Amino acid sequence: MKNKTDISMTRRHFLGLSGGVIAATALASVGFKYHESKNEREIDPNSMKLKENETDVLVIGGGMAGLFAAVKAHDAGSKVTLVSKGRLGSSGATPFAKGIFSYDSTSESMTVDEFVTQVSKSAINTNNPTYTKQMAENSKASVDELRKWGFFDSPLYNKSFSKPMKERNIEVKES
Ligand SMILES: Cc1cc2nc3c(=O)[nH]c(=O)nc-3n(C[C@H](O)[C@H](O)[C@H](O)COP(=O)(O)OP(=O)(O)OC[C@H]3O[C@@H](n4cnc5c(N)ncnc54)[C@H](O)[C@@H]3O)c2cc1C
């Protein structure tokens with residue numbers, strides 16, 4: 001035997017259920033169209049033409065590493081081409097790098113070796129001390145170059161990355 005509360009719950013349940021059925025019927029009458037996606041390539045590789053480019057150094061990637069590789073290879077006397085699947089300075093992990101570190105021997109209280117010891121201690125020796133030393137010795141010069149190109153003037157890096165490339169007439173191919 002059901003009490004009053006049980007009956008009212010049943011009614012509510014019935015109304016909810018019938019509302020759902022009405023809504024489903026209404027949606028079915030609207031009719032959904034789904035676009036069948038065919039897994040076909042849009043570019044026919046057989047229709048592509050090959051173009052030969054000649055260069056001494058081909059740099060792949062327009063992030064921080066690619067930028068310095070291209071600039072340094074050019075400055076060492078090579079003809080350089082940089083290709084990137086994204087825009088120079090605006091793709092990959094580089095746009096996220098906001099905190100740039102440099103070791104400045106003119107203002108640091110520690111020597112390079114003391115600095116390496118300190119970093120190794122705080123990293124519980126998980127760091128590579130050779131790399132840490134190279135970073136300490138070379139970071140200031142790289143940061144100074146970035147500053148000269150306007151890297152710290154804007155949170156967007158395409159302009160500052162393009163500056164040294166344009167100045168050197170380094171070919172950049174972005175896709
Ligand atoms: C969230 C976040 C925060 C960070 N913060 C800091 C920070 O504060 N300070 C700091 O020093 N570092 C920071 N880093 C690390 C720093 O961003 C990276 O170490 C650095 O940007 C790596 O540079 P990269 O040139 O090696 O790689 P990327 O910047 O990833 O560049 C790779 C480039 O290669 C291109 N590419 C990829 N595949 C191909 C392909 N097949 N063909 C052609 N081009 C291709 C990409 O489009 C891109 O241009 C951070 C990283 C992340 C993810």
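Please read all numbers here as calculations on a predicted model, not as lab measurements. All residue numbers refer to positions in the sequence shown, counting from 1. In listed order, ligands and their atoms are each counted from 1. Atoms considered below: every heavy atom in the structure, side chains included; atoms not considered: hydrogens, waters and symmetry mates.
Annotation: the span from Thr111 atom OG1 to Tyr103 atom OH amounts to 5.5 Å, rounded to 0.5 Å.
Checked against side-chain contact (heavy atoms from CB on, under 4.5 Å), Ala65 has no partners two or more places apart in sequence or in another chain. For Lys121, there are no side-chain contact (heavy atoms from CB on, under 4.5 Å) partners at least two apart in sequence or on another chain. Legend: residues meeting side-chain contact (heavy atoms from CB on, under 4.5 Å) with Asn128, ordered by chain and number and at least two apart, are Thr130, Tyr131.
Remark: Lys140 is not positioned above the aromatic ring of Phe101, lacking an NZ or CZ atom under 6.0 angstrom from the ring centre and at most 45 degrees off the axis.
Side-chain contact, Ser102 with Ser139: no donor N or O sits under 3.5 Å from an acceptor N or O.
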Measure from every N or O atom of ligand 1 to the protein's N or O atoms and keep only the pairs below 3.5 Å, writing each with atom names and distance to 0.1 Å.
{"from": "ligand 1", "atom 1": "5 (N)", "to": "Phe96", "atom 2": "O", "distance (Å)": "3.4"}
{"from": "ligand 1", "atom 1": "8 (O)", "to": "Lys98", "atom 2": "N", "distance (Å)": "3.4"}
{"from": "ligand 1", "atom 1": "8 (O)", "to": "Gly99", "atom 2": "N", "distance (Å)": "2.9"}
{"from": "ligand 1", "atom 1": "8 (O)", "to": "Gly99", "atom 2": "O", "distance (Å)": "3.4"}
{"from": "ligand 1", "atom 1": "9 (N)", "to": "Gly99", "atom 2": "O", "distance (Å)": "2.6"}
{"from": "ligand 1", "atom 1": "17 (O)", "to": "Ala93", "atom 2": "O", "distance (Å)": "3.1"}
{"from": "ligand 1", "atom 1": "21 (O)", "to": "Thr94", "atom 2": "N", "distance (Å)": "3.2"}
{"from": "ligand 1", "atom 1": "21 (O)", "to": "Thr94", "atom 2": "OG1", "distance (Å)": "2.9"}
{"from": "ligand 1", "atom 1": "25 (O)", "to": "Met64", "atom 2": "N", "distance (Å)": "3.0"}
{"from": "ligand 1", "atom 1": "25 (O)", "to": "Ala65", "atom 2": "N", "distance (Å)": "2.8"}
{"from": "ligand 1", "atom 1": "29 (O)", "to": "Ala93", "atom 2": "N", "distance (Å)": "3.2"}
{"from": "ligand 1", "atom 1": "29 (O)", "to": "Thr94", "atom 2": "N", "distance (Å)": "2.8"}
{"from": "ligand 1", "atom 1": "29 (O)", "to": "Thr94", "atom 2": "OG1", "distance (Å)": "2.5"}
{"from": "ligand 1", "atom 1": "30 (O)", "to": "Ala93", "atom 2": "N", "distance (Å)": "2.8"}
{"from": "ligand 1", "atom 1": "44 (N)", "to": "Lys85", "atom 2": "N", "distance (Å)": "3.0"}
{"from": "ligand 1", "atom 1": "47 (O)", "to": "Gly86", "atom 2": "N", "distance (Å)": "3.4"}
{"from": "ligand 1", "atom 1": "47 (O)", "to": "Ser91", "atom 2": "OG", "distance (Å)": "2.9"}
{"from": "ligand 1", "atom 1": "49 (O)", "to": "Gly62", "atom 2": "N", "distance (Å)": "3.1"}
{"from": "ligand 1", "atom 1": "49 (O)", "to": "Ser84", "atom 2": "OG", "distance (Å)": "3.1"}
{"from": "ligand 1", "atom 1": "49 (O)", "to": "Ser91", "atom 2": "OG", "distance (Å)": "2.7"}

